[in-house]
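For reference, the structure is listed below as structure tokens.
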Protein chains: 2
Amino acid sequence: MTAVPGPDHRKLPRRRGEVLSRAIFDAVLAEIAESGYSALTMDRVAERAHASKASLYRRWPGRAALVLDAAYEAMPGPDTVPNTGSLRLDTLTVMRQGARLLEGIVGQAMRGVLGEALQNPDVAAEVREFARGNASRMMHEILANAVDRGECDPDLVTDFRIEAGPALLRQRFIFGSGPIDDDFLVAVVDQVVLPLFGVHRPQGTGSAV
Amino acid sequence: MTAVPGPDHRKLPRRRGEVLSRAIFDAVLAEIAESGYSALTMDRVAERAHASKASLYRRWPGRAALVLDAAYEAMPGPDTVPNTGSLRLDTLTVMRQGARLLEGIVGQAMRGVLGEALQNPDVAAEVREFARGNASRMMHEILANAVDRGECDPDLVTDFRIEAGPALLRQRFIFGSGPIDDDFLVAVVDQVVLPLFGVHRPQGTGSAV
DNA sequence: CGAGGTAGAGAACTGCTAGTTCTCTACAAG
DNA sequence: CTTGTAGAGAACTAGCAGTTCTCTACCTCG
């Protein structure tokens with residue numbers, strides 16, 4: 001309406017499709033890394049990415065979906081499932097990978113999105129659609145290997161037992177404050193996960209690692 | 001500024017202190033029960049309680065603190081810890097109490113507050129200040145009784161093992177969608193909690209009770 | 001190569017909510 | 001009766017989500 005084209009930066013080379021999306025993801029992650037999830041606004045992302053808000057909303061229905069995609073983008077590829085020949089070490093490795101992921105930017109993004117999911121059922125559905133138990137899949141595979149080795153009775157492998165370790169880790173992530181230290185992970189594995197699968201003492205190695 | 005006193009309802013009997021606070025809590029809970037946490041605004045609470053927003057902000061620093069207090073108010077008194085003579089039944093009882101609590105208004109309030117806590121460290125601190133592991137305390141007591149009865153080896157009673165059951169319940173609450181059915185609770189108790197404390201099969205009663 | 005459609009940049013705008021502040025007034029205490 | 005405290009109600013500020021508008025670059029198709 002008000003006729004004020006003025007300097008008009010709209011003549012710069014203009015990005016499209018993939019390239020633009022990537023730039024927007026980068027802006028989201030940078031904002032989160034710099035100021036945290038709660039300071040992340042669509043305006044700031046748009047400005048930082050030198051994109052228009054309309055471009056954002058053409059691609060994602062809202063903030064949660066955007067951040068969810070950005071987090072997914074930032075995730076390392078499907079981690080190769082460890083297979084060291086020891087259930088204990090395999091489990092510990094998965095837990096450590098998970099903890100490292102949660103402590104990074106992806107974790108911060110997840111925290112924020114989860115926060116919204118708790119308040120908004122639509123977002124919750126988006127998240128569920130998405131978080132198809134990555135950790136659980138890896139645990140399943142590890143357990144299958146342990147059964148093959150004869151290290152674990154197959155009757156003990158149930159979804160609830162498999163979830164116990166990851167659930168403790170997530171609870172720590174959600175309710176705890178400081179960083180997740182390794183002692184925690186070791187304790188969860190030795191006191192909860194292994195006993196649940198019939199392995200009552202650290203066997204191969206005598207100490208941590 | 002604008003001189004429009006008009007009808008002015010400000011002559012009604014005016015509540016103070018305790019009475020007013022209680023009325024505000026009631027309004028908060030009613031709003032949550034009726035429209036959910038996300039539709040809860042300070043304006044609506046104030047209007048519903050026939051209180052002024054200033055009165056709200058004089059008492060609580062923000063929405064989260066208000067809802068947290070209201071939820072605390074609505075909580076049933078410290079549940080008497082069950083002592084049935086069977087670890088299985090005691091545990092199941094605690095889990096059922098917890099599940100029932102989470103499915104009510106208090107649960108909805110918690111969900112909302114937790115959602116904010118995940119996005120705002122200050123709120124997170126308020127919540128931690130507050131949620132001094134109620135479930136854990138009950139579980140501790142139950143386990144102590146089981147040890148006294150000789151049903152459980154005292155060496156097995158550690159914080160991590162104690163947290164396993166509650167953690168699975170909370171995870172279900174946070175990530176799951178529908179109601180928490182009893183089969184879930186029974187499975188958690190029989191497949192996770194009891195094995196962790198050395199009780200490998202349902203003993204007293206044969207079925208779910 | 002030129003026309004037309006698609007989509008991006010940037011800005012203005014709407015609507016809602018948190019939180020603040022102002023005025024007026026009830027109520028309690030001295 | 002005087003005075004201080006606090007509640008009621010409303011106006012106001014500021015910030016953000018989401019929408020819409022204009023202008024224009026770039027791609028595609030004829």
Side-chain angles (χ1 to χ4, degrees), chain A residues 1-25 27-28 31 35-68 112-113 115-116 119-120 122-123 126, chain B residues 1-25 27-28 31 35-67 112-113 115-116 119-120 122-123:
Chain A
M1 282 294 170
T2 40
V4 188
D8 218 318
H9 331 56
R10 280 169 278 191
K11 296 179 182 151
L12 298 174
R14 194 178 279 175
R15 302 151 302 174
R16 301 200 161 214
E18 270 305 298
V19 184
L20 180 56
S21 296
R22 180 88 39 173
I24 295 172
F25 286 147
V28 169
E31 279 294 318
S35 322
Y37 180 89
S38 50
L40 181 122
T41 70
M42 296 302 259
D43 283 287
R44 285 174 67 88
V45 170
E47 190 182 10
R48 179 160 206 148
H50 296 288
S52 78
K53 286 210 290 173
S55 301
L56 266 59
Y57 282 104
R58 187 170 302 117
R59 283 150 212 257
W60 299 277
R63 196 169 62 140
L66 167 57
V67 175
L68 212 50
V113 172
E116 261 171 45
Q119 302 185 8
N120 180 339
D122 296 343
V123 177
E126 284 175 28
Chain B
M1 282 292 170
T2 41
V4 188
D8 219 317
H9 331 57
R10 281 169 277 191
K11 294 177 183 156
L12 298 173
R14 195 179 279 175
R15 301 151 303 173
R16 300 197 163 218
E18 269 305 300
V19 185
L20 181 55
S21 296
R22 179 89 38 175
I24 294 171
F25 286 147
V28 169
E31 280 294 319
S35 323
Y37 179 89
S38 50
L40 182 122
T41 69
M42 298 301 260
D43 283 286
R44 284 174 69 87
V45 170
E47 190 182 8
R48 178 160 208 149
H50 297 287
S52 78
K53 287 210 290 172
S55 300
L56 267 58
Y57 283 103
R58 188 171 304 118
R59 283 150 213 258
W60 299 277
R63 198 169 61 141
L66 168 57
V67 175
V113 172
E116 261 170 46
Q119 302 184 10
N120 180 339
D122 296 343
V123 176

### Under 4.0 angstrom between A:Arg58 side-chain N/O and C:dA7 OP1 or OP2
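So the side chain of A:Arg58 is outside the cut-off, no N or O lying under 4.0 Å from OP1 or OP2 of C:dA7.
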#### Entry: Contact under 4.0 Å: A:Ser55 side-chain N or O vs C:dA9 OP1/OP2
yes
Rounded distance (Å) that lies between atom [atom2] of [N] and atom [atom1] of [X]:
{"X": "A:Glu18", "N": "C:dG8", "atom1": "CD", "atom2": "P", "result": "12 Å"}
{"X": "B:Tyr57", "N": "D:dA8", "atom1": "OH", "atom2": "P", "result": "16 Å"}
{"X": "A:Leu20", "N": "D:dA25", "atom1": "CG", "atom2": "P", "result": "17 Å"}
{"X": "B:Met42", "N": "D:dA14", "atom1": "CE", "atom2": "P", "result": "20 Å"}
{"X": "A:Asp43", "N": "D:dA14", "atom1": "CG", "atom2": "C1'", "result": "13 Å"}
{"X": "B:Arg44", "N": "C:dC16", "atom1": "CZ", "atom2": "P", "result": "12 Å"}
{"X": "A:Asn120", "N": "D:dA17", "atom1": "CG", "atom2": "P", "result": "14 Å"}
{"X": "B:His50", "N": "D:dA6", "atom1": "NE2", "atom2": "P", "result": "23 Å"}

### Query
Near B:Arg59 CZ, under 6.0 Å, is it more than 12 heavy atoms from other residues, nucleotides or ligands?
yes
### Query
Base, sugar-phosphate, or nothing for A:Ala54, non-hydrogen atoms under 4.0 angstrom?
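A:Ala54: base contact, heavy atoms under 4.0 Å.
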### Message
Just to be sure I understand the rule, does A:Ala51 reach a base, reach only the sugar-phosphate, or reach nothing, if contact means heavy atoms closer than 4.0 Å?
### Response
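The answer is sugar-phosphate, as A:Ala51 gets under 4.0 Å only of primed atoms, P, OP1 or OP2.
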### Message
Measuring from atom CD of B:Glu47 to atom OG1 of B:Thr41, what distance do you get when rounded to the nearest 0.5 angstrom?
### Response
8.5 Å
### Query
A:Lys53 has a side chain; which of C:dA9, C:dA18, C:dA12 sits nearest to it?
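When the side chain of A:Lys53 is considered, C:dA12 is the closest of C:dA9, C:dA18, C:dA12.
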### Task
Dump the intermediate steps for side-chain contact (heavy atoms from CB on, under 4.5 Å) on B:Trp60 and B:Met42, then the final yes or no.
CA-CA 11 Å; B:Trp60 299 277; B:Met42 298 301 260; 5.9 Å; no
### Message
I need the minimum non-hydrogen distance between B:Ala51 and B:Leu20, along with the two atoms involved.
### Response
CB-CD1, 4.1 Å
### Task
Could you tell me which non-hydrogen atom of A:Gly115 sits nearest to which non-hydrogen atom of B:Gln119, and how far apart they are?
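Smallest interatomic distance, heavy atoms only, reads C-NE2, 3.3 Å.
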### Summary
By nearest-heavy-atom nucleotide on DNA chain C, the more 5' of B:Thr41 and A:Arg59 is A:Arg59
